[in-house]
Participant: 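Quick one: this structure, given as structure tokens, is what I'll be asking you about.
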Amino acid sequence: MKTIKLKINGIETEAPDRTPLLQAAERMGIRIPTLCHHPLLEPYGVCRICTVEVRIRNRVRMVTACNYPVTNGIEVFTDSERVRRNRRMILEWMLARCGHVPVLNRLAEEYGVTEPRFGRGDDDCILCGLCVKVCSEVVGANVLGFFDRGPNRTVSTAYDRTSDRCITCGACAQVCPTGAIRIKDDQEGIYQAMPMGPLTSINIDFMQAVPRKAVIDRDSCIHFKTGKCQVCVDVCEAKAIDHKQEDRVEEVEVGTILLTTGFQLQDPRVLKEYGYGKYKNIMTSLDFEVLNNAGGPTAGKILTADGKVPKSIGIVHCVGSRDQKYHEYCSRVCCMYALKFAHLIKEKIHGCEVYNFYIDMRCFGKGYEEFYNRLLREGVNFVRGKVAEINDAALDPSEEGKLIMRAEDTMIGVVRRIPVDMVVLCLAMEAKPEAKHLSHLFSCSTGKDGFFTEKHPKLAPVSTPADGIFIAGACQGPKDIPDTVAQAGAAASAALSLIQRGEVETEAVTATIQEEMCSGCQICVGVCPYTAITYDKGKNKSSINDALCKGCGTCVAACPAGAAYQKHFRDQQIFAEIDGILAI
Amino acid sequence: MAYRAHCLICTGTGCVAGGSFNLRKTLEAEIAKRGLDREIQVITTGCQGFCAEGPIMIVQPDGVFYCRVEERDVPAIVEEHLLKGRPVKKLLYTPPTEKAPIPALKDIPFFAKQKLIVLRNRGLIDPDRIEDYIAVDGYTALGKALTQMTPEGIVLEIKRSGLRGRGGGGFPAGIKWETCRHAGQVRGVAPVVICNADEGDPGAFMDRSIIESDPHSVVEGMIIAARGIGASEGFVYIRHEYPLARQRLQLALDHAREFGLLGKNILGAGMDFDIEIREGAGAFVCGESTALMASLEGKLGEPRAKYIHTVEHGYQDRPSNLNNVETYANVPLIILRGADWFASMGTGDVKENPWNGSSGTKVFSLVGKINNTGLIEVPMGISLREIIFDIGGGIPKGRKFKAVQTGGPSGGCLPEEKLDMAVDFDSLTEAGSMMGSGGMIVMDEQTCMVDVARYFIAFLTEESCGKCTPCREGLKTMLDVLTRIGDGKGRMEDLGLLEEMGAVMQDCCLCALGTSAPNPVLSTLQYFRHEYEAHIRDKKCPGGVCKELITYGIDPAKCDGCHACVRACSTAAIMGEVKKVHTLDVHKCIKCGACIEVCRRDAITRT
Amino acid sequence: MSSTPDNFEPRIVAFLCNWCSYTGADLAGISRMNYPANVRAIRLMCSGSVKPFFIMSALHKGADGVLIGGCHIGDCHYQTGNHLTKKRIPITRELLGALGIDPRRVRLEWISAAEGQEFAEVIHEFVKELKALGPNPLAGGDHAH
Amino acid sequence: MLTEIRKHCADLLTRKQVAAVYGLRERDGHTAPYLFTRAEDLDGLTVGTKVPVTFTLRPAKKNIISAFQEKCPGQKIAVLVRGCDERGLYEVAKRGQIQVADLAIIGYACDADQARACHCPRPHPQNLKFGEKVQGPSNEAFIAKIVNMSVAEREAFWRAQFSKCIKCYGCRNSCPVCICKECWMENDAFSPTGWLPPDFPMFHFVHFYHLSDSCIECGACVDACPMDIPLNLIRKVLSKKVQEELFYTAGQDPEEKPPLASREEAKERLEKGI
């Protein structure tokens, strides 16, 4: 593009021909105030605050910097007295409509307007149009528009009704310089808004993710909803964004596979008696973990849904674990993290009462029991007994708004009613439902609890019946981080030992067809799961491809003539086995 | 078939409202009854311009001009004039300054000083018949343009004629065409030709009249423009409030298409061009070129910054040539008679540079406190005095002239000392007003200039699209200040404030509506500052208009006790016996002015 | 039916698939689950490779019961091997029944590698049932004196 | 009917629509399969005698039509079939032994008497050209005898029956759908040479099981058995089970895969129409 020369406030500069003046000035570090400009949107030129003086061949023009294309030889004055006079007046006019908008008042102050001559209006919307434009130009939803004209102009949705085209992306509120647009939240409390999922459509899965790359969440990305908005493409300097990318199936040939598919937390809604989702301030252990996180919604402060500091918190152990109705097994990690929670609460909220409801304290690891003892010293209340019910049935005004936990304290043999401000449910770790499918895929198996079964609990704890397939972590069963790390190390080294060898011996149990006995009936062809058997029409015989044959022997059993046999499982061998075991 | 006489009945909107269609029926029936229907033909024509005197009928070949003709006058006209050859005296026009009626149209001052180019066919042809237009050399210019001229030659001819846009801006049409043609060629995008018929100024009806009386002249002008620019598509953006004009234009387009003057291979000369009518929804701002094109595209009718010109990137981003109705209507005669002929009329030598003067004629709608309201076409350079006093017949009731407002709502008000000023684009601008589209509102001594300014600012506030801050908020605050002054609550510093606001609006508004909007205020402040001061300092309204500042009274010297005012007063503020001087109770008076309307002796005072 | 001697211990030949039932049986052992010693396992790669003749032969050679153990349907290591089992065994049992050999002596069970418990239970149950049925009348065959 | 069939076949041969007509020929009081290539030979053509057309030649263990098709590939021959013949054709075709496409199947119906004699449930072919369809006798009634016995009674019954067996292999040799080259019935592990009668029920188990999803209930085995062992009792019980459990009736459709020769579950097979 052609470069032209221009002068801004007396300083010579260069800019690409027809660049918007605002940009040309910005490159020089000259700030021109504007209220309706956004770098991602087409210049709209309506606030007129950016009006500057331009001299072209001795003719003076007043132009808006945001959309005026610079040409060679122009002389620009961005802060002349005339310009300042104009801005002052425009700001006064704006204040006459929106007298209490901070961004306006700040700018007005800059221009010496303290007592606007036309008074101060009460509106919030300065009609800059950013919301309307972002909705149409970027989002593509076209929900917002201008209505009426002249001083009656407003921004709204069609017929002032909630639009079903609105995808509640919040872009309008995001660009609004005055805060006139607020997203109404139909749900209540911080918990619904708690960022359990990604905060934005583009996110990095979690801070420690490897590789630490941003991904676009198709479900919430505006582009995939409306076909517009390519803002990320525009701003990405590396030009790394491609919305056309599709999921790809990549085939990778490997010799060993490690299954480390993890676990999921039990759905707390199943346990109706604990009222999750019914009452505010009942959260899962993971919710509580997020709440405690310095990067979480409350910046690590423990607050109730109403934003108050809780005075008492109940922690329920074994929710769904060690329970005949849900999971018989112990989830192993709950006791320790529940203790950690109690410790964190004690540390963060002075004087907060913490009640841990437990069946048994299982502090089995190194230093664990000591930690438990420390908490006893810290004054955490431990109630041995399963919580029967959590509700909000207050018996007196002091209990209003509290959660009532009912449990039998088996230590002292009484039923206790403990009102608390917040409850944390330490939910069971359960196998992912997908594990079943994976077990088929990888020819390993899952136990009745859904976790993968190891080949041998003692002798081959990371192997599966399928050679070359290893398991590690919570997909094999509930375990804590040290155990997972240990198991993963073991699985990796088991896999490495195979890789080191470089080759694997396959089972030599493939089947063969004795040609002279084959009558060409092709029954074997029909039953083979691996299309390893081909029928030769010319010879009227079938034969087995050794490389494809996995040695199941199905064809052998199907062959009426006994032409097919399986190495190591010949009929004679089986008959001999039968003879052998029945000889005793 | 030859007729010995023709009765030309005006069917402009004004006369139609006066019943000219019924008049036609009655006349035809009467003629038939007398067995004259083979001798005399009744023709309905477009607007004759003298709307104040409608319904109008002209009898040719005598050239007798009848005004305010009613159905009951028909037998007399037929009996006296058509049978016996004696013009019916009581229907003839008598100028307010004269005693005797003037029978012949050519002798009526209203017509005598006019120079008809755009309105050349008014009252002569039936706008619904293309044959009539062709009979008066219609489409001859198109023939010439298509067969004897190159497109470049057409553009050059227009450029040399000095024709400047009649829509208000006064931008030379030839230069616009040239730029548009060039943009189309450089970008390889076919340009479009657009006719702005969104006449929105209050009191202006030039474009409507042109279309209603001679739609083909506009069509022909557009085709020639398309030929010059290289366009194959044209639009007429007409306002919804002009149903008759739209209907006539549609008929004209249909006929032109039938005659091979529109569509494929026009006149066999290998040119393809067609015109489509698009209706606006009545937003004043849609007369602005960018807003008009946005509206044409089906978008919100809002202007945009014109740093990128519409001649290069306009309708659907194509090079777009936008002229108004009157501009196009000028084109056929320029092509037919040549640029020199056109340039010879008006001011300045425009042949080398169209910016040098104003050539040709201009159509004005002359309204307000003037005797001969109507549509006039005058050569550029004529003085305001000639227009107002010779053509317009002066101020009614012998009142004093105070000001004339030109250029529509955002024009300025010019005082008496400017009456001898030549009317052309540059002089008007220089005087703080503008040519605009040709509205001309005359005000007499009973007009309050603050009220006038307030009225126009109120109109503009209403019509502002509200897109940019200075126009939306500036007009509103300006209106507040003017209202405050009119209510007698003004402060002297308000005058400075108004001037400052006006200056900022001129600097900062997005489109011409906004930048020209302060004109009524600034021009009245310039020429009639004393009236503002009277409002603020003396709490008086010299025009006797601003209700808060006036009181009604009865001049005992003039009152003859006719009792008419008592009957008119809705609040019983006037009392008095018949034939005796009446009195007025100022506490009951709501200053509605009903008494003034009925008082024949001008006895009601406003002070 | 012949009366059952009190000390009758049925002999069960179990044809177990390598991937599920055999491993399941193994798990039962590893898990220290008690099950009767009456069962003698023959490992095959897949229950789909169990020929009905093996069953017949086992019965003929004196087995009081035959157990065929395979992966659950859908879990087959060889995708569809056990589909064949599922079709063959009922036909075999019907044939045995028609020939006068109690079909209850032949049992088909789907036992996964993780179901050591189930394996043990099946054996318990089968032994109990076979005890009720008494010794296999075919035992030894006509010529196996 | 016979005249019409002869005429029809003569027509086919003279018009060279088929290379030969495969049917039965009676000569010197004996009926045997015969390949008629000349129309004038058709005088010897006969029908209605129980000789299966899919007769397997022993000891070559080759189906007679298969042998012809191997020798003269692509040659079209007409085959005269009864219901059971046609079913047999289809079953061996499914097992790759013959090409049905190269056959012009001419079917004729058996009469009620014949049907009763054979305990034939469907005494007519699908390609019926000659004769009237009659209803076959019910299998239910036929197998009731064994179905109603207790297990022990059945054992006793069959022990008695099989004790008559002389291991002549007639049942196998006469079977029109039996195709194996090497036969399990000759396997030493099951019935060692010289053991007579063969061990109960090993010898017969093989035959019964092997044909469980291909038996067409023609009764050839029973006819062939010199010791009059009612083999078809078991056959029909098994066929019924196959129909109920595996949704399969042998000999219906040459395209249908036998259930024990397909990977799909029985239900799945039924749904997919394999």
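Below, each value reflects all heavy atoms present in this structure, side chains not excepted, and no hydrogens, waters or symmetry copies. Residue numbers start from 1 in every chain, and the chains themselves are labelled A, B, ... in the order their sequence lines are given, proteins ahead of strands.
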Participant: Name the one of C:Leu99, C:Ile101, C:Ile55 that satisfies side chain to side chain contact (heavy atoms under 4.5 Å, CB included) with D:Phe205?
Facilitator: C:Leu99
Participant: If you take all heavy atoms of D:Arg159 and C:Leu138, which pair is closest and at what distance?
Facilitator: NH2-CD2, 3.7 Å
Participant: Under a 4.5 Å cutoff for heavy-atom pairs, which residue among D:Glu245, D:Met202, D:Met149 has the most contacts with chain C?
Facilitator: D:Met202
Participant: Please classify the contact between D:Phe157 and chain C as side chain, backbone, both or neither, with a heavy-atom cut-off of under 4.5 Å.
Facilitator: neither
Participant: Looking only at heavy atoms, which two atoms of D:Tyr209 and C:Thr92 are closest? And how far apart?
Facilitator: CE1-OG1, 3.8 Å
Participant: Check C:Ala98 against D:Ile146 and note the closest heavy-atom contact, atom names and distance.
Facilitator: O-CD1, 3.5 Å
Participant: Please report the closest heavy-atom contact between D:Glu264 and C:Lys87, naming both atoms and the distance.
Facilitator: O-NZ, 2.6 Å
Participant: Give the C-alpha distance, both sets of side-chain angles, the deciding distance and a yes or no for salt bridge (charged side-chain N to carboxylate O under 4.0 Å, His left out) between D:Glu265 and C:Lys86.
Facilitator: CA-CA 8 Å; D:Glu265 283 189 83; C:Lys86 196 184 169 190; 2.5 Å; yes
Participant: Could you check whether the rings of D:Trp184 and C:Phe53 sit parallel, tilted or perpendicular, using 30° and 60° as the cut-offs?
Facilitator: tilted
Participant: So for D:Ile234, is it side chain, backbone, both, or neither that comes closer than 4.5 Å to the heavy atoms of chain C?
Facilitator: side chain
Participant: Who wins among D:Gln161, D:Lys240, D:His210 for the most heavy-atom pairs under 4.5 Å with chain C?
Facilitator: D:His210
Participant: Would one find more than 12 heavy atoms of other residues, nucleotides or ligands at under 6.0 Å from atom NZ of C:Lys128?
Facilitator: no
Participant: Might you work through the side chain to side chain contact (heavy atoms under 4.5 Å, CB included) test for C:Gln79 and D:Arg263, ending with a clear yes or no?
Facilitator: CA-CA 9 Å; C:Gln79 300 176 23; D:Arg263 293 172 59 202; 3.4 Å; yes
Participant: Exactly one of C:Leu96, C:Ile91, C:Leu95 should register a side chain to side chain contact (heavy atoms under 4.5 Å, CB included) with D:Phe208. Which one does?
Facilitator: C:Leu95
Participant: Atom CG in D:Leu260, atom NE2 in C:His83: separation rounded to 0.5 Å?
Facilitator: 14.0 Å
Participant: Among the options D:Pro259, D:Ala266, D:Ala156, D:Ala261, pick out the one with the most heavy-atom pairs lying under 4.5 Å from chain C.
Facilitator: D:Pro259
Participant: Would you find more than 12 non-hydrogen atoms of other residues, nucleotides or ligands less than 6.0 Å from D:Glu153 atom CD?
Facilitator: yes
Participant: Work out which heavy atom in D:Arg154 is nearest to a heavy atom in C:Gly100; give both atom names and the distance.
Facilitator: CB-CA, 3.6 Å
Participant: Quick check: closest heavy atoms across D:Pro201 and C:Met56, and the distance to 0.1 Å?
Facilitator: CD-CE, 3.4 Å
